Amino acid sequence: MIPETYTNPVLNADWSDPDVIRVGDDFYLTASSFGRVPGLPLLHSRDLVNWTLVGHALQRLEPAGEFRTPRHDCAVWAPALRYHDERFWIFWGDPDQGIFQINAPEIRGPWTRPHLLKEGKGLIDPCPLWDDENDGEAYLVHAWAKSRAGINNRLTGHRMHPDATTLLDDGKVIVDADHIPGWFTLEGPKVHRHDGWFWILAPAGGVGTGWQGAFRSRGFFGPYEEQVVLEQRDTDVNGPHQGAWVRTPSGEDWFLHFQQRGPYGRVVHLQPMRWGDDGRPVIGDAGAPVAVHRKPDLPPQPPAEPATDDDFPGGRYGRQWQWTANPQDGWATHHSGDGLRLACARSADAHDLRRLPSLLTQRLPGTPVGVEVELRLHSQELGSRAGLAVLGDAYSWIGLQRGADGEARFVHRFAEPVAERERDAGESCPAPEGRVRLRIEIGAGARCRFFYDVGDGRRPSGQVFAATPWRWVGALLGLFALAPVGTGHAGAAVFTRFRISSLH
């Protein structure tokens, strides 16, 4: 029988900096969530190929006052997911605050509130290790962000109290890649024990062009020997690195990592892994990424992927959605029917969606898709508006706005990366009864074409818009409703039947 195969990427959207563990027959994955809320997504799989989103571990960013407005590239960077002492643990670095950890008895929680384990600027990419081979001694390794700390390209190690509440020393640089010829931007360490060695799997060379390194030492604090174990070579997979080693119940080894794909963010690949005759890891096809490979030796599973579509039953939105800042009461209200009812939030930043905290977002799919939603504007406030956006360092949106004459009109707006205000991207037209069907077709290279239907058939709008990422985050799809600064309730917008379908 010909074995079943899978095709990379196994998660074709921005699941940045993935870390994966196995607990029993279940695999769990978390990823960076930066400034979006809820944060720390939790994905589940039984075969390492088909994944579903089962929740989030972080319901609000702290301190809350720091995240009342969007901080798109800040907050939750490169988490580490572990299972120890019958609890799930997640450690992450906030580059402006320090290293945090949370834990829970079950993957779906309840998760503890964030505990600041090490305060400081530029402390990123932490990973703990409870050394069961040495009476349960605990360690922590982390990297550095040069933008905050003034240094990078090195890994610092600590002894840690086994309850992960405190560090037991001031830390020591255990790998200084400034002393390794050709190495730069060493970061993202994941520390393991294997075959009597301490192993640190860590990438270097930058997210778009780098490689995956493996370091080993007989003692946690070094000295470490280095080796490149995964790099692009002659494949199409640029910068294959930063991820997770995981072992199946049958003893197979696998490695999940990301690939930076511009506006699509960091998509996740699955690579075969084995330990060579010299005791070192061999990842992919002798160190090069594979595009297609035999599936892991695990029970067959039905096809699955994180949800995208939403009917918003009772006004509730699915797990795939995240706000661009800590949410406030009243932004989305529950009701007896279907459809997302978003209050038209009053904002002095109505001219720039990048500053809007009440934007509800989800990841841009990594393949050509059509995105559709129906919108009704239930606001008589002049200047109130609502719509569907493709959001990044530049953005474009289509939707409805209540004009100076009180009429609801279809509008199409965009803003360039350096622009402080948006401007018209297409012709405006009346929208009878304040209703419109919106569609964005996102083709190869994340080039977006816009369409609308106010009741007389679908029409195109404006020019092609090329989606752009933020600095670290891929482009986002977003729904919003807002109104100019004023007093009193400004009404609401209702979104129904949100759908994403393949263009192939």
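In what follows, residues are counted from 1 in the order of the sequence shown. Remember, it's a predicted structure, so these values are computed and weren't measured experimentally.
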Residues pairing under side-chain hydrogen bond (donor to acceptor under 3.5 Å, both in side chains) where one sits in residues 105-118, two or more places apart or in two chains, turn out to be Glu62-Arg113, Lys118-His142, Lys118-His158
Main-chain N/O of Leu40 paired with Ser33 side-chain donor or acceptor, under 3.5 Å: yes
*Salt bridge Glu433-Arg376, side-chain N to carboxylate O under 4.0 Å*: no
Contacts satisfying salt bridge (charged side-chain N to carboxylate O under 4.0 Å, His left out) that involve residues 337-362 (not counting sequence neighbours) are Arg346-Glu381, Asp349-Arg355, Asp352-Arg354, Asp352-Arg355
**Item:** Charged N-O contact under 4.0 Å between Arg458 and Glu372
**Value:** yes
| query | Hey, does Thr361 have a side-chain heavy atom less than 4.5 Å from the side chain of Leu477? | reply | no
When rounded to the nearest 0.5 Å, the distance separating CZ of Phe255 from CG of Leu48 is 13.0 Å
Closest non-hydrogen atoms of Ser32 and Ala78, given as atom of the first, atom of the second and distance, are OG-N, 2.7 Å
- Query: Ignoring hydrogens and geometry, is there a side-chain-to-backbone donor-acceptor pair from Asn238 to Gln260 under 3.5 Å?
  - Reply: yes
*Quick one: are Ile124 and Trp144 in side-chain contact, heavy atoms under 4.5 Å?*
no
Tested for side chain to side chain donor-acceptor pair (under 3.5 Å) against Glu374, the lone hit among Arg499, Arg435, Arg497 is Arg435
Closest heavy-atom pair, Ala404 versus Leu382, reported as atoms and distance to 0.1 Å, is O-CD1, 3.9 Å
Next on the checklist: Let's go through Phe451 and Ile398 carefully: what are the C-alpha distance in whole Å and the side-chain angles of both, what is the deciding distance for side chain to side chain contact (heavy atoms under 4.5 Å, CB included) to 0.1 Å, and is it a yes or a no?
Outcome noted: CA-CA 8 Å; Phe451 303 86; Ile398 49 177; over 6 Å; no
Practice problem: Kindly say whether the aromatic ring centers of His257 and His241 come within a distance under 6.0 Å. | Solution: no
Tightest non-hydrogen contact, residues Gly262 and Pro469, listed as O-CB, 3.6 Å
Q.
Looking at Asp329, I want to see if its CG is surrounded by more than 12 non-hydrogen atoms of other residues, nucleotides or ligands under 6.0 Å.
A. no
| request: Could you tell me whether the side chain of Leu11 reaches within less than 4.5 Å of the side chain of Val267, counting heavy atoms only? | output: no
Notebook entry, point to check: Does Asp19 reach the side chain of Leu29, with side-chain heavy atoms less than 4.5 Å apart?
Noted result: no
In terms of heavy-atom contacts, Gly206 and Thr185 come closest through N-CB, 4.0 Å
Value for CD1 (Ile500) from CG (Leu364), rounded to nearest 0.5 Å, stands at 8.0 Å
Query - Beyond-backbone contact of Leu340 with Leu479, side-chain heavy atoms, under 4.5 angstrom - result: yes
Aromatic plane relationship, His293 with Tyr6 - under 30° parallel, 30 to 60° tilted, over 60° perpendicular
tilted
Between Ser379 and Ser384 the two heavy atoms that sit nearest each other are OG-OG, 3.1 Å
Within the distance-only criterion (no hydrogens, no angle test), does the side chain of Arg402 pair as donor or acceptor with the backbone N or O of Gly406 below 3.5 angstrom? yes
Residue pairs meeting side-chain hydrogen bond (donor to acceptor under 3.5 Å, both in side chains), one or both in residues 35-54, sequence neighbours left out, come to Asp26-His44, Asp26-Arg46, Arg36-Gln322, Ser45-Asp47, Asp47-Asn50
Nearest heavy-atom approach of Ala104 to Gly109 is CB-CA, 4.0 Å
Donor-acceptor contact below 3.5 Å, side chain Asn8 vs main chain Leu270: yes
| message | Looking at Arg447, I'd like to know if its CZ atom is crowded, meaning that more than 12 non-hydrogen atoms belonging to other residues, nucleotides or ligands lie closer than 6.0 Å. | response | no
Residues pairing under side-chain hydrogen bond (donor to acceptor under 3.5 Å, both in side chains) where one sits in residues 461-475, two or more places apart or in two chains, turn out to be His412-Ser461
Strictly distance-based, threshold 3.5 Å: is any side-chain N or O of Asn326 a donor or acceptor partner for the main-chain N or O of Leu61? yes
Practice prompt. Report yes if the side chains of Leu400 and Arg409 come closer than 4.5 Å at any heavy-atom pair, otherwise no.
Written response: no
Q.
Whether Arg459 and Asp456 form a salt bridge (side-chain N of Lys/Arg under 4.0 Å from carboxylate O of Asp/Glu) is what I want to check.
A. yes
Flag, side chain of Thr30 to backbone of Pro41, donor-acceptor distance under 3.5 Å: yes
Tell me, yes or no, whether the heavy-atom count around Gln328 atom CD, taken from other residues, nucleotides or ligands under 6.0 Å, exceeds 12. yes
Worked verdict on Glu441 versus Arg439 for side chain to side chain contact (heavy atoms under 4.5 Å, CB included):
CA-CA 7 Å; Glu441 294 185 354; Arg439 179 175 173 86; 2.9 Å; yes
After noting the C-alpha distance and the side-chain angles of Val454 and Arg437, does the key distance pass the side chain to side chain contact (heavy atoms under 4.5 Å, CB included) rule? CA-CA 7 Å; Val454 293; Arg437 184 73 184 172; over 6 Å; no
Please check if the number of heavy atoms outside Glu407 that lie under 6.0 Å from its CD is greater than 12. yes
Here the side-chain hydrogen bond (donor to acceptor under 3.5 Å, both in side chains) pairs for residues 87-104, sequence neighbours left out, are Arg71-Asp96, Arg87-Asn103, Asp94-Gln97, Asp96-Arg148, Gln101-Asn103
Taking NZ, NE, NH1 and NH2 as the nitrogens, is one of them in Arg413 or Asp424 under 4.0 Å from a carboxylate oxygen of the other? yes
So OH of Tyr452 and CG of Leu388: to nearest 0.5 Å the spacing works out to 15.5 Å
| request: Could you tell me whether a side-chain N or O of Arg261 sits under 3.5 Å from a main-chain N or O of Gly366, the two making a donor and an acceptor? | output: yes
| request: Could you give me the CA-CA distance, side-chain angles and deciding distance for Val20 and Trp254, then say whether side chain to side chain contact (heavy atoms under 4.5 Å, CB included) is met? | output: CA-CA 10 Å; Val20 181; Trp254 295 85; over 6 Å; no
(message) Check whether His56 reaches the backbone of Leu58 with its side chain - one donor and one acceptor, N or O, closer than 3.5 Å.
(response) no
**Message:** I want to check something: taking the side chain as every heavy atom from C-beta on, are Gln271 and Pro289 in contact at a cut-off of under 4.5 Å?
**Reply:** yes
So does Gly265 get a backbone contact from the side chain of Asp14, meaning a donor-acceptor N/O pair under 3.5 Å? no
**Prompt:** Between Phe414 and Trp397, is the gap from one ring center to the other below 6.0 Å?
**Reply:** no
Checklist entry - Just by modelled atom types, is the Asn12 backbone N or O under 3.5 Å from a matching donor or acceptor in the Tyr264 side chain? => result no
CD1 of Ile99 to CG of Leu123, rounded to nearest 0.5 Å, is 5.0 Å
| Looking only at side chains, do Asp310 and Trp321 share a donor and an acceptor under 3.5 Å apart? | yes
Result for side chain to side chain donor-acceptor pair (under 3.5 Å) between Ser16 and one of Arg266, Gln242, Arg363 points to Arg266
| said: Is the distance between the ring centroids of Phe88 and Tyr28 under 6.0 Å? | reply: yes
For Tyr317, the ring pair (Phe, Tyr, Trp, His ring centres under 6.0 Å) test, sequence neighbours excluded, returns Trp323
Original post:
Does Ser358 reach the side chain of Leu482, with side-chain heavy atoms less than 4.5 Å apart?
Top reply: no
